[in-house]
Amino acid sequence: MVPGAPALLTAYAGRLDPLSDVRAAAVEAVRWLVDGADEVRVWCAPLSDPDRDRGVTVAQGERIARDLLGAAAFGGRVSLVEPGCVDAVPVLVVANGSARRSEKAPGHLDERSHDFDAAVEKALADGDAKTLAGIDLALGAELLATGLHGLRALGQQQPVRTSLDLADDPFGVRYWVARWSWS
């Protein structure tokens with residue numbers, strides 16, 4: 001799992017990359033994911049109607065996934081699929097927590113964001129599939145979290161090994177990089 005932060009796109013990385021730690025953790029996790037794979041499935045939020053109306057043709061999460069896969073030197077097939085479609089193909093989930101963690105956050109402060117993000121973060125770290133499967137999508141939407149359908153679908157898997165590589169909230173948005181292995 002990697003964050004859906006537009007600042008992770010290579011085009012936005014400059015000499016002073018504000019997300020260098022997040023980017024490095026995300027690329028390393030993607031390298032781990034694609035090691036030996038020739039195909040990857042991506043679970044991310046679909047293209048929104050406002051973006052479509054503005055002429056955008058590729059969902060932000062898909063752009064971020066493809067960019068990170070390129071940074072990880074993955075040359076295989078990338079399929080954007082509905083969350084929940086699981087077989088032997090590795091899955092890259094693009095999602096992030098609340099964008100309302102501080103007064104300067106994109107959605108300004110909402111006190112509920114910290115408890116919401118803490119529950120998701122603990123579930124990611126502990127391999128708590130039940131908690132992820134039960135994420136409150138309505139509350140998540142109010143808190144401006146993205147990619148939650150992918151996290152809920154991740155909660156349908158029973159992990160055998162988990163790792164929370166990064167948890168940070170630059171700009172008042174909660175970002176995670178996590179790895180789950182399931183059989």
Do Trp32 and Pro90 have side-chain heavy atoms sitting under 4.5 Å apart?
no

Glu62: side chain to side chain donor-acceptor pair (under 3.5 Å) partners, not counting sequence neighbours:
Arg66

Taking the side chain as every heavy atom from C-beta outward, state whether Phe171 and Pro18 have any atom pair closer than 4.5 Å.
yes

Applying side chain to side chain contact (heavy atoms under 4.5 Å, CB included), run through Val2 and Leu68 and close with a yes or a no.
CA-CA 9 Å; Val2 296; Leu68 289 172; 3.8 Å; yes

Does any part of the side chain of Leu132, heavy atoms only, come nearer than 4.5 Å to the side chain of Trp180, both counted from C-beta?
yes

Rounded to the nearest 0.5 Å, the OG atom of Ser113 sits from the CG atom of Asp169 at a distance of 9.0 Å

So Asp21 and Asp168, side chain to side chain contact (heavy atoms under 4.5 Å, CB included) or not? Walk me through it.
CA-CA 9 Å; Asp21 293 344; Asp168 200 359; 5.6 Å; no

Would you mind reporting whether Pro170 and Tyr175 have side-chain heavy atoms less than 4.5 Å apart?
yes

Does the side chain of Trp176 come within less than 4.5 Å of Leu166's, by heavy atoms?
no

Could I get the full list of side chain to side chain contact (heavy atoms under 4.5 Å, CB included) partners for Leu109, not counting sequence neighbours?
Glu103, Glu111, His114

Apply the test salt bridge (charged side-chain N to carboxylate O under 4.0 Å, His left out) to residues Asp117 and Arg174: give CA-CA distance (whole Å), side-chain angles for both, the deciding distance (0.1 Å), then the verdict.
CA-CA 7 Å; Asp117 291 339; Arg174 194 60 170 178; 5.4 Å; no

Can you give me the closest heavy-atom contact between Arg101 and Val173, atom names plus distance?
CD-C, 4.2 Å

ILVMFWY network linking Met1 to Leu137, side-chain heavy atoms under 4.5 angstrom:
yes

Give the minimum heavy-atom separation between Thr162 and Asp126, together with the two atoms involved.
OG1-C, 4.1 Å

Under 4.0 Å between a Lys/Arg side-chain N and an Asp/Glu carboxylate O for Arg100 and Glu142?
no

Checking Thr131 side chain against Ala123 main chain: does a donor-acceptor pair fall under 3.5 Å?
no

Just by modelled atom types, is the Leu143 backbone N or O under 3.5 Å from a matching donor or acceptor in the Ser98 side chain?
yes

How long is the span from the CG atom in Leu154 to the CG atom in Leu124, to the nearest 0.5 Å?
7.0 Å

Using 4.0 Å as the upper bound for N to carboxylate O, is an ion pair formed by Asp128 and Lys130?
no

Residues Val91, Leu33; criterion side chain to side chain contact (heavy atoms under 4.5 Å, CB included); working and verdict
CA-CA 8 Å; Val91 174; Leu33 177 72; 5.9 Å; no

Euclidean distance, Thr57 OG1 relative to Arg52 CZ, rounded to 0.5 Å
10.0 Å

Can you find a heavy atom in the side chain of Arg41 that is under 4.5 Å from one in the side chain of Leu92?
no

Considering only heavy atoms from C-beta outward, does the side chain of Val58 approach that of Leu47 to under 4.5 Å?
no

When every non-hydrogen atom of Arg152 is compared with those of Ile135, the smallest separation belongs to NH1-O, 3.4 Å

Asp38/Arg77 salt bridge by N-O under 4.0 Å criterion:
no

Quick one: does Glu39's side chain have a donor or acceptor within less than 3.5 Å of a partner on Val78's backbone?
no

Side chain of Asp136, backbone of Leu139: donor and acceptor closer than 3.5 Å?
yes

Can you see which heavy atom on Leu19 is nearest to which on Ala7, and at what distance?
CD1-CB, 3.3 Å

Give me the atom names and distance for the closest heavy-atom approach of Trp43 to Ala153.
CZ3-CB, 3.7 Å

Minimum heavy-atom separation for Asp165 to Ala29, with atom names?
OD2-CB, 4.1 Å

Using the rule that two of Ile, Leu, Val, Met, Phe, Trp, Tyr join whenever any of their side-chain heavy atoms come within less than 4.5 Å, decide whether Leu148 and Leu144 are in one cluster.
no

Checking Arg23 side chain against Leu8 main chain: does a donor-acceptor pair fall under 3.5 Å?
yes

How would you list, by chain and number, every residue that makes a side chain to side chain donor-acceptor pair (under 3.5 Å) with Asp67, sequence neighbours excluded?
Thr10

Heavy-atom side-chain contact between Val30 and Phe74 under 4.5 Å:
no

